[in-house]
Engineer: 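If you scroll down you'll find the structure; I have some questions about it.
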Amino acid sequence: MSLAQPLDVTRPRPDIAVLTLNRPDKLNALSYELVEALHAALDDIAADNDCRVVVLTGAGRGFCSGLDLSAPNPPEAAGGTEFPRSGMRWQERIANLTAKLHRLRQPVIAAVNGPAYGGGFALAAASDIRLAAESARFCTQFIKLGIGGCDIGVSYTLPRIIGAGPAFDLILTARAVDATEALRLGLVSRVCADVTAEAMDIAETLCGYGKFGVESTKQVLWANLDAGCLEAALHVENRSQILASTEGGVRAFSEEFRRRPR
């Protein structure tokens, strides 16, 4: 009998990819196999001109419980090196998942269906839109393991999502927050009875907009979070708008708007 794949990749329609972390018995903990499957899937999506939106979620009752502590330093990730070089390779490999989510042209919607701890919290924070089921829980967790509280990008992403003060609180104390508090903090934008269905609704909405317009909007939003001044932000926006207009997106939207029933 074949074993289930650690990552389930489905395409409910050609322009939407759903990535489901598929280790429900381990609350979708990040094993070597799952990390490699995520890298491969994100690489494929980055090169896929048909895919326009990505939904990231977990199988079973959890989103992702973080690193699989039964194999914290898998030999497959070492590349024949010894510790600490092997540990650094594995650390960088996991952390680069957040960079890939960040760099991806397509918007990523995290449908957090349960606990998102440690690396799972980091994956959600690196996504562009975060939705929470009522059962969702968020916790950085790293400092509880005797290591630094800043890991897998959270020291960069979390202050930009909820502000420095609340981010320091969550990272230093590693306290868990439920869906209601996550919504109040701005960590998620919606709490949903059916988080996957809500994510698909948003994905379908985004697919109704111009391709370049959606891609450039994601890129400009992230770029301008680090803009040094208003003028720099306006420069990036202005260039993006003119480039988008060359795609014929404004004309196409106007024609589509006229066709819609009033």
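The model shown is predicted, which means the values in this text are computed figures rather than measured ones.
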Engineer: To the nearest 0.5 Å, what is the distance between NE2 on His39 and CD1 on Ile94?
Structural biologist: 8.5 Å
Engineer: Give me the one residue out of Leu21, Thr20, Asn22 that meets side chain to side chain contact (heavy atoms under 4.5 Å, CB included) with Pro24.
Structural biologist: Asn22
Engineer: Does one hydrophobic cluster hold both Leu69 and Leu30, with members joined at side-chain heavy-atom distances below 4.5 Å?
Structural biologist: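 Leu69 and Leu30: one cluster.
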Engineer: Evaluate the side-chain proximity of Leu101 to Asp128: yes if any heavy-atom separation is below 4.5 Å, no if none is.
Structural biologist: no
Engineer: Any chance you could measure Leu187, atom CG, to Arg130, atom CZ, to the nearest 0.5 Å?
Structural biologist: 6.0 Å
Engineer: Mind listing the side-chain donor-acceptor pairs of residues 139-152 below 3.5 Å, one per line with the distance, residues two or more places apart or on another chain?
Structural biologist:
unit_1: Thr140; atom_1: OG1; unit_2: Leu170; atom_2: O; d: 3.1
unit_1: Lys144; atom_1: NZ; unit_2: Ala174; atom_2: O; d: 3.3
unit_1: Asp151; atom_1: OD1; unit_2: Gln91; atom_2: NE2; d: 2.5

Engineer: Can you list everything that forms a side-chain contact (heavy atoms from CB on, under 4.5 Å) with Ala99? Sequence neighbours excluded, please.
Structural biologist: Asn96, Arg103
Engineer: Kindly write out the residues that satisfy side-chain hydrogen bond (donor to acceptor under 3.5 Å, both in side chains) with Arg23, not counting sequence neighbours, or none if the list is empty.
Structural biologist: Asp68
Engineer: Below 4.5 Å, heavy atoms only, C-beta onward: do Leu131 and Ile109 meet side chain to side chain?
Structural biologist: yes
Engineer: Taking only residues two or more places apart in sequence, or in another chain, which ones meet Asp226 in a side-chain contact (heavy atoms from CB on, under 4.5 Å)?
Structural biologist: Tyr156, Arg160
Engineer: Donor-acceptor check, side chain of Ser245 to backbone of Ile242, threshold 3.5 angstrom: yes or no?
Structural biologist: yes
Engineer: Using the side-chain hydrogen bond (donor to acceptor under 3.5 Å, both in side chains) rule, collect all pairs that involve residues 192-203, keeping only residues at least two apart or in two chains.
Structural biologist: Arg190-Glu198
Engineer: Decide yes or no for Trp90 and Val35: does some side-chain heavy atom of the first lie under 4.5 Å from some side-chain heavy atom of the second?
Structural biologist: yes
Engineer: Can you name the nearest heavy-atom pair linking Ile16 to Ala203, along with the distance?
Structural biologist: CD1-CB, 3.7 Å
Engineer: If you group Ile, Leu, Val, Met, Phe, Trp and Tyr whenever their side-chain heavy atoms sit less than 4.5 Å apart, what else falls in with Val220?
Structural biologist: Val236
Engineer: Assess whether a salt bridge exists between Arg52 and Glu215, defined as any Lys/Arg side-chain N lying under 4.0 Å from an Asp/Glu carboxylate O.
Structural biologist: no
Engineer: Does any pair with a residue in residues 6-15 pass salt bridge (charged side-chain N to carboxylate O under 4.0 Å, His left out), and if so which ones, sequence neighbours excluded?
Structural biologist: Arg11-Asp48, Arg13-Asp15
Engineer: Less than 4.5 Å apart, side chain to side chain, heavy atoms only: is that true for Val9 and Val18?
Structural biologist: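 No - every pair of side-chain heavy atoms lies 4.5 Å or more apart.
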Engineer: With Arg184, which residues qualify under side-chain contact (heavy atoms from CB on, under 4.5 Å), at least two apart?
Structural biologist: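 For Arg184, the residues satisfying side-chain contact (heavy atoms from CB on, under 4.5 Å) (neighbours in sequence not counted) are Glu181.
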Engineer: Same cluster or not: are Tyr209 and Ile202 linked, directly or through other Ile, Leu, Val, Met, Phe, Trp or Tyr residues, by side-chain heavy atoms under 4.5 angstrom apart?
Structural biologist: yes
Engineer: Using the rule that two of Ile, Leu, Val, Met, Phe, Trp, Tyr join whenever any of their side-chain heavy atoms come within less than 4.5 Å, decide whether Leu38 and Leu27 are in one cluster.
Structural biologist: no
Engineer: By the rule that ILVMFWY residues connect when side-chain heavy atoms come within less than 4.5 angstrom, directly or transitively, which residues belong alongside Leu234?
Structural biologist: Leu230
Engineer: Please list all pairs meeting side-chain hydrogen bond (donor to acceptor under 3.5 Å, both in side chains) that have one or both residues in residues 56-66, counting only residues at least two apart or in different chains.
Structural biologist: Thr57-Asn113
Engineer: Indicate the atoms forming the closest heavy-atom contact of Val112 with Val195, along with that distance.
Structural biologist: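 Minimum heavy-atom separation between Val112 and Val195: N-CG2, 4.0 Å.
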Engineer: Hey, quick one: are Leu225 and Ile129 part of the same hydrophobic cluster, counting side-chain heavy atoms closer than 4.5 Å, chains of contacts allowed?
Structural biologist: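 Different clusters.
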Engineer: What pair of heavy atoms forms the shortest contact from Asn28 to Ala59, and how long is it?
Structural biologist: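 Taking every non-hydrogen atom into account, ND2-O, 3.0 Å.
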Engineer: How about Val54 and Pro107: do any of their side-chain heavy atoms sit closer than 4.5 Å?
Structural biologist: no
Engineer: Mind checking what makes side-chain contact (heavy atoms from CB on, under 4.5 Å) contact with Leu221, not counting sequence neighbours?
Structural biologist: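 Result, side-chain contact (heavy atoms from CB on, under 4.5 Å) vs Leu221: Thr217.
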Engineer: Could you give the distance from CD1 (Ile162) to OG1 (Thr157), rounded to the nearest 0.5 Å?
Structural biologist: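 If we round to the nearest 0.5 Å, Ile162:CD1 and Thr157:OG1 are 9.5 Å apart.
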Engineer: Check this for me: Lys218, atom NZ, are more than 12 non-hydrogen atoms of other residues, nucleotides or ligands nearer than 6.0 Å?
Structural biologist: yes
Engineer: Do you know the tightest heavy-atom contact between Glu237 and Asn224?
Structural biologist: CG-ND2, 3.8 Å
Engineer: Under the ring-ring contact (aromatic ring centres under 6.0 Å, His included) rule, what pairs show up with a residue in residues 99-139, not counting sequence neighbours?
Structural biologist: His102-Trp222
Engineer: Are any of the side-chain heavy atoms of Ser216 and Leu243 separated by less than 4.5 Å?
Structural biologist: no
Engineer: Between Gln106 and Cys51 (side chain of the first, backbone of the second, donor and acceptor by atom type, cut-off under 3.5 Å), is there such a pair?
Structural biologist: yes
Engineer: If every non-hydrogen atom of Ile161 is compared with every non-hydrogen atom of Ala125, which pair is closest and at what distance?
Structural biologist: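 Here Ile161 and Ala125 meet closest at CD1-O, 3.4 Å.
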Engineer: Would one find more than 12 heavy atoms of other residues, nucleotides or ligands at under 6.0 Å from atom CD of Glu204?
Structural biologist: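 Above 12, so yes.
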Engineer: For the CG atom of Leu123 and the NZ atom of Lys100, what is their distance to the nearest 0.5 Å?
Structural biologist: 12.5 Å
Engineer: State, yes or no, whether a side-chain contact exists between Gln219 and Arg105 at a heavy-atom distance under 4.5 Å.
Structural biologist: yes
Engineer: If I compare all heavy atoms of Ala124 with all of Ala110, which pair ends up nearest, and what's the gap?
Structural biologist: CA-CB, 4.2 Å
Engineer: Do Val191 and Thr180 have side chains that get closer than 4.5 Å, going by heavy atoms?
Structural biologist: no
Engineer: Working to the nearest 0.5 Å, report the span between NE2 of His235 and SG of Cys229.
Structural biologist: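 Those atoms lie 11.0 Å apart.
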